Each structure stands twice: as C-alpha cells, then as structure tokens.
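Throughout, residue positions are numbered sequentially from 1 according to the sequence presented. Below, each value reflects all heavy atoms present in this structure, side chains not excepted, and no hydrogens, waters or symmetry copies. Since the structure is predicted, the reported quantities are computational estimates derived from the model, not experimental observations.
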Amino acid sequence: MTRAQTAYLDDDALDLSAADATPARVIEIGDITAGIAVPERGGVRFFSSERRFDGLDGTLFRTVEQAARAARAAREKGRQPRLRAVV
C-alpha cells in the first residue's frame with residue numbers, strides 16, 4: 001500500500017505564491033517511509049529518506065502520484081532475488 005501524507009512547510013521556504021502553495025507530502029510504501037515530495041514550479045521534487053530510494057533523490061515528478069509509483073517500483077526492484085548462473 002502506498003500512502004502520501006501531508007507535511008506542512010513554511011510557504012516562504014518553498015518560494016511559491018500563496019495561490020500556488022501546496023503542502024509537502026510524505027510518501028510511504030507499506031510500513032517504510034520512502035521520502036518526501038516537495039512542491040516546486042513544474043511538479044514535486046522527491047527527497048529520499050532511506051538508502052534504497054536514493055536513486056530517486058532530487059528527481060522532479062509532475063505529480064505526487066508519479067513520485068509514489070516510482071518509489072513503489074524502486075522498492076519492488078530491491079525485493080527481487082539476484083539470480084546466479086549455475087556452472
């Protein structure tokens with residue numbers, strides 16, 4: 001289950017006008033906090049909170065939902081067992 005929670009930040013710190021101000025969102029994949037999606041012009045920037053999501057750190061997504069899907073895919077990729085060649 002992917003969940004995005006709202007985290008309120010100072011609007012001045014985000015450099016957004018009051019009309020464009022949207023809260024930052026915490027993205028959780030199951031029981032793991034993947035990171036935070038901070039709104040900026042053009043979308044949301046993802047900042048990872050755990051090593052397995054560092055590949056997405058700093059990426060600009062158009063929506064929070066796209067960031068959450070990418071985080072879910074990164075988690076699933078990390079779950080896949082490594083295959084070894086049998087000699």
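In this structure, the side chain of S49 engages the main chain of A34 through a donor-acceptor pair within 3.5 Å. Under the 3.5 Å distance criterion, the side-chain polar atoms of R62 are left unmatched by any main-chain donor or acceptor of G43.
The minimum heavy-atom distance between I27 and A37, with the atom names listed, is CD1-CB, 4.0 Å. The minimum heavy-atom distance between R75 and I29, with the atom names listed, is CD-CG2, 3.4 Å. V26 and T33 make their closest contact through CG1-CG2, 3.7 Å (heavy atoms, listed as atom of the first residue, atom of the second, distance). Heavy-atom minimum distance, L56 versus A74: CD1-CB, 4.2 Å. The shortest heavy-atom contact between F46 and F53 is CE2-O, 3.9 Å.
Proximity of V44 to R25: side-chain heavy atoms (C-beta onward) are nowhere separated by under 4.5 Å.
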